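Below is one structure; the comments refer to it alone.
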Amino acid sequence: MMGQSPRQGVSTDRVSTARAPASATSEWDYGSVGALREALDARKLSAMELVERTIARIEALDGPINAVVVRDFERAGVAALAADAALARGERRPLLGIPMTIKEAFNVAGLPTTWGQWQYRGFRPKCDATLVTRAKRAGGIFLGKTNVPLGLGDFQSYNEVYGATCNPWDLARSPGGSSGGSAAALAAGFGPLSFGSDIGGSLRVPAHFCGVYAHKPSFGLVPMGGYGPPPLPPPIREGDLAVVGPMARTAVDLALALDVIAGPDEAREGIAYRLTLPPPRHERLSQFRVLVVETHPLMPTGHDVRGAIDRLAERLARAGAKVSRADALLPDLKASAHLYMRLLGAVRGAGLPASGYDAAQLSDFVLASDDHSLGAERARGAVISHRDWVAADVARAQLREQWRLLFQDWDVVLYPPFAVPAFPTDHSLPIEHRRIEIDSRDFPYNDVCYVWADPATTCGLPSTVAPIERSPEGLPIGIQIIGSQLEDRTTIAFAGLMEREFGGFTPPPGFAD
């Protein structure tokens, strides 16, 4: 594990010098946004007190975790004072006075945006990302930014700029990536909300590993202005596959945060209008039609995850939901995975420098024509021709139609977020040589990590990850809830109903004592 570099930020000084004792616990440490907003509105505590408490908790507990790597505590104190003044005037906004964090990859004016790359450690954007602007407008107070992998390209969160982030459930294990710092911060009680991004499971895998909630929105639902690799200016158009979305400790908080950040980007479209999403399909678990897919034709699901999904299916059936394990309309997951790898490779290939692209072309040249492995698909995708990309996009449209037809008969599809619970950290290089163990068998690292991101990523479908159980080793296990395009409220509502019926987030041992 590489050594931890000093954390960066505007300042760790605060407007007020009040500080909660490091060992003290508070009823607010794991409060939901709703509970905290109620307390703030009733003046049971002030925004400054809440921010101070959260800052003190970060300072006391984040050392071995290393989740909040860019700290903006001074400006958070100023924002807390402003929130208290607004509350005293009777203002009520969805996130007014709520402390939160955000993935390092988002631009926050005045703070470094490096994507974990040493050469960009001095880059400080002048403007906030669109998502940041919307959260601040709703009253949110950003305490800082959370750690990421180098170039956002791993399922562990470590880099030379900030060091390594550890999983609060087991410091020897990965918190996931590339939104691993955000998931670890939520699990440790460093604010009730965070925001991340996802092109290959980067919201969903960390939520699964750290036992929190995350929502990968329908493609294009949340604008991505101000989210892009440094030192380039913010992109003027949406790319392919990638989305940005909320992470929380309750499903209700996901829904609230999505309402704040979703909708067209006024700055790009030149017009402000509100997007209306369909309401949840149902209000009770017993009304849901649930298709459970626990295996994949190209990758086994580990015993612990498969068992947890089986037990969840049984609980849902007992609750009155219609549950099935198979449907002839389910798209071909093998073909879909191969298509996803080509599209993912194309996104990454487009961002390669000239030397990297030349190397990718050479790699493609030496691939055997009969090599149809997932790794080969990613390699070919990096240098795909426009003709072949258009063919892939047509295949994707056909898959979307298959999913649309499937969701006429089923409300949600349950799917593993990952094959196993959080795996032990492995920072060996090159990444292509790493392996992950699934039930005593080794599999290629990248294949294990990426295959579960399809099909929600490939077809732009909404997917909510919710914690459902813990492994025999005590590690969190989550479930991926996939819905029909733009039916984000349905997948989040289903997660909320499961939370109410079966339970949800619990703090890691020792963090709520």
Side-chain angles (χ1 to χ4, degrees), residues 5-12 67-79 82 95 99-153 157 159-163 165 177-182 185 191 193-199 202-203 222-239 242-247 257 260-261 263-269 347 350-351 353:
S5 303
R7 295 180 176 89
Q8 301 184 31
V10 171
S11 173
T12 57
V68 187
V69 293
V70 179
R71 298 181 176 184
D72 200 11
F73 294 168
E74 182 178 358
R75 293 196 299 187
V78 173
L95 302 177
M100 59 194 65
T101 59
I102 192 166
K103 187 176 183 174
E104 200 266 5
F106 288 86
N107 286 349
V108 177
L111 297 184
T113 299
T114 70
W115 286 42
Q117 299 174 91
W118 183 261
Q119 66 268 34
Y120 300 129
R121 63 193 183 280
F123 175 70
R124 294 177 182 240
K126 296 180 180 179
C127 300
D128 289 338
T130 304
L131 184 153
V132 174
T133 298
R134 290 181 174 181
K136 286 182 177 180
R137 188 187 304 152
I141 299 174
F142 285 100
L143 302 180
K145 301 173 78 174
T146 57
N147 206 14
V148 296
L150 176 65
L152 313 190
S157 294
N159 57 77
E160 292 183 354
V161 181
Y162 305 117
T165 297
S178 60
S179 308
S182 288
L193 275 182
S194 196
F195 297 93
S197 58
D198 191 312
I199 192 173
S202 292
L203 284 163
V222 181
M224 297 181 67
Y227 172 87
L232 301 175
I236 60 173
R237 60 178 293 274
E238 308 296 344
V243 299
V244 295
M247 307 180 78
V260 167
I261 64 175
D265 190 342
E266 302 93 331
R268 297 187 194 182
E269 308 222 1
V347 172

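Not measured: the values here are computed from a predicted model.
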Side-chain touch [X]/[Y], heavy atoms, less than 4.5 angstrom:
{"X": "Val161", "Y": "Gln117", "value": "no"}
{"X": "Ser157", "Y": "Val148", "value": "no"}
{"X": "Thr101", "Y": "Phe142", "value": "no"}

Using 0.5 Å steps for rounding, measure from the [atom1] atom of [X] to the [atom2] atom of [Y].
{"X": "Leu111", "Y": "Asp128", "atom1": "CG", "atom2": "CG", "answer": "8.5 Å"}
{"X": "Leu152", "Y": "Asp198", "atom1": "CG", "atom2": "CG", "answer": "11.5 Å"}
{"X": "Lys136", "Y": "Leu95", "atom1": "NZ", "atom2": "CG", "answer": "13.0 Å"}
{"X": "Met100", "Y": "Leu143", "atom1": "CE", "atom2": "CG", "answer": "8.5 Å"}
{"X": "Ser178", "Y": "Asn159", "atom1": "OG", "atom2": "CG", "answer": "11.5 Å"}
{"X": "Ile102", "Y": "Asn107", "atom1": "CD1", "atom2": "CG", "answer": "9.5 Å"}

Under 3.5 Å donor-acceptor, [X] side chain and [Y] backbone:
{"X": "Ser182", "Y": "Gly196", "answer": "no"}
{"X": "Asn147", "Y": "Gly163", "answer": "yes"}
{"X": "Arg134", "Y": "Val260", "answer": "no"}

Considering non-hydrogen atoms only, spot the tightest contact between [X] and [Y] and give its length.
{"X": "Thr113", "Y": "Lys145", "value": "OG1-NZ, 3.0 Å"}
{"X": "Leu203", "Y": "Pro246", "value": "CD2-O, 4.4 Å"}
{"X": "Ser197", "Y": "Ser202", "value": "O-CB, 3.0 Å"}
{"X": "Ala185", "Y": "Thr146", "value": "CB-CG2, 4.2 Å"}
{"X": "Tyr120", "Y": "Pro231", "value": "CE2-CD, 3.2 Å"}
{"X": "Pro223", "Y": "Thr130", "value": "CG-CG2, 3.8 Å"}

Quick one: do the Ser194 and Lys103 side chains pair a donor with an acceptor below 3.5 Å?
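Short answer, no.
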
Could you tell me if Glu104 and Thr114 have a donor-acceptor pair between their side chains, going purely by distance under 3.5 Å?
yes

Checking Val243 against Val222 for the side-chain contact (heavy atoms from CB on, under 4.5 Å) test, could you report, in this order, the C-alpha distance in whole Å, the side-chain angles of both residues, the deciding distance, and whether it holds?
CA-CA 7 Å; Val243 299; Val222 181; over 6 Å; no

Please tell me whether Tyr227 and Trp115 form a close aromatic pair, meaning their ring centres lie under 6.0 Å apart.
yes

Apply side-chain contact (heavy atoms from CB on, under 4.5 Å) to Leu150 and Trp118, showing your working.
CA-CA 9 Å; Leu150 176 65; Trp118 183 261; over 6 Å; no

